[in-house]
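The structure appears below as C-alpha cells.
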Amino acid sequence: MVLGALPHHPHLARSDLSIPMPAFVTRDGGHSVGDHAARTIRYAIEQDDVGYPFRLEPPVITKTTATETMASAGSLARRVRIAATIYAALTVVDERAVRGRRVVVYDDVFTTGSTLDVVARRLREAGADEVYGLTLSRTRWR
C-alpha cells in the first residue's frame with residue numbers, strides 16, 4: 001500500500017523522510033500491540049527496490065506515554081482534550097533528521113485528523129518544512 005502510493009502523489013514522491021505514526025513504546029522496548037503503522041513501514045522497507053527514505057530505527061519522534069485513541073472520542077471537547085494529551089506525549093528525538101525536510105507520516109486509520117495534526121505540529125516545531133499524512137483507511141464521519 002505505501003509503496004504503491006508514493007510514486008503517484010507529487011508531495012509524497014518528493015519526500016525526504018517517511019516515518020510511521022509514533023506509538024507508545026513500553027519500558028521493555030516493545031511497541032504497543034496496535035502499532036500497525038510501524039509494521040507497515042517495516043514491510044515497505046523490506047519490499048522497497050527504489051530507495052524511498054523510510055525510517056523506523058532510531059525513531060525520529062516518539063510517544064512517551066500511553067494515551068487514549070481518537071477512536072474512543074465522541075464529542076469535540078473530548079477530541080480536543082485527547083489531542084492535547086497526545087501532543088504533550090510527543091517528543092522529536094532527532095531534530096536533525098527533520099530540519100528542512102519534507103516528511104511523510106504514515107498511519108493505518110484516519111479518524112479525525114487530530115493525531116496527525118499534533119504530530120505535524122511537533123515535526124514543524126522541530127524544523128520540518130512540510131509534513132504530509134498518508135493513511136491506509138478512514139473511519140466514517142460522526
Side-chain angles (χ1 to χ4, degrees), residues 1-46 48 50-142:
M1 166 28 208
V2 175
L3 290 176
L6 291 175
H8 301 290
H9 192 283
H11 297 299
L12 302 180
R14 62 185 185 89
S15 68
D16 302 306
L17 181 66
S18 295
I19 60 173
M21 179 66 71
F24 176 62
V25 179
T26 61
R27 288 188 191 271
D28 65 0
H31 288 270
S32 61
V33 174
D35 193 9
H36 181 266
R39 284 193 306 273
T40 301
I41 293 293
R42 184 172 289 108
Y43 180 75
I45 290 169
E46 292 168 359
D48 179 20
V50 174
Y52 289 112
F54 295 115
R55 178 160 163 188
L56 262 180
E57 300 295 335
V60 171
I61 184 170
T62 61
K63 191 173 176 187
T64 59
T65 58
T67 60
E68 292 181 73
T69 65
M70 282 297 168
S72 68
S75 69
L76 175 60
R78 188 160 178 216
R79 287 195 305 268
V80 169
R81 183 181 56 75
I82 292 171
T85 303
I86 293 170
Y87 178 81
L90 294 171
T91 301
V92 177
V93 294
D94 188 354
E95 290 186 7
R96 287 182 302 131
V98 300
R99 193 173 300 120
R101 304 278 173 88
R102 293 178 300 261
V103 181
V104 173
V105 179
Y106 172 77
D107 200 5
D108 55 344
V109 178
F110 181 97
T111 304
T112 65
S114 298
T115 304
L116 182 58
D117 180 60
V118 296
V119 168
R121 260 194 318 168
R122 281 288 189 210
L123 292 169
R124 293 292 306 258
E125 290 168 359
D129 280 350
E130 301 170 23
V131 179
Y132 299 96
L134 174 64
T135 58
L136 177 62
S137 62
R138 160 171 224 345
T139 61
R140 295 183 69 198
W141 284 104
R142 297 186 233 181

By side-chain hydrogen bond (donor to acceptor under 3.5 Å, both in side chains), which residues pair with R96, not counting sequence neighbours?
none
ring-ring contact (aromatic ring centres under 6.0 Å, His included) with Y132: which residues, sequence neighbours excluded?
H11
Nearest 0.5 Å, what's the CE-CG distance between M21 and L134?
10.5 Å
Specify the closest pair of heavy atoms between I19 and L17, including all atoms of both residues, with the distance to one decimal.
CG2-CG, 3.8 Å
Please report the shortest heavy-atom distance between L116 and G133, naming the atom on each side.
CD2-CA, 3.5 Å
Measure across P20 and L56 and return the closest heavy-atom pair with its distance rounded to 0.1 Å.
CG-CD2, 3.6 Å
Which heavy atom of S15 sits nearest a heavy atom of P53, and at what distance?
O-CG, 3.5 Å
Give me the one residue out of T85, I82, L90 that meets side chain to side chain contact (heavy atoms under 4.5 Å, CB included) with V118.
L90
Correct closest heavy-atom pair for R14 and E130 would be NH2-OE1, 3.5 Å
Taking atom CG of L123 and atom CD of E95, what is their separation to the nearest 0.5 Å?
10.0 Å
Quick check: do I61 and V105 have side-chain heavy atoms less than 4.5 Å from each other?
no
Among all residues two or more places apart in sequence or in another chain, which pass the side-chain hydrogen bond (donor to acceptor under 3.5 Å, both in side chains) test with D129?
none
Write out all pairs satisfying salt bridge (charged side-chain N to carboxylate O under 4.0 Å, His left out) with one or both partners inside residues 109-122, taking only residues at least two apart or from two chains.
R122-E125
Non-neighbouring partners of A89 that pass side chain to side chain contact (heavy atoms under 4.5 Å, CB included), sequence neighbours left out:
K63, T64, T65, T67
Just to verify, what does R55 make a side-chain hydrogen bond (donor to acceptor under 3.5 Å, both in side chains) with, not counting sequence neighbours?
D94
Measure across V60 and A97 and return the closest heavy-atom pair with its distance rounded to 0.1 Å.
CG2-CB, 4.1 Å
Quick one: pull up CD in E46 and CZ in F54 and give me the separation to the nearest 0.5 Å.
11.5 Å
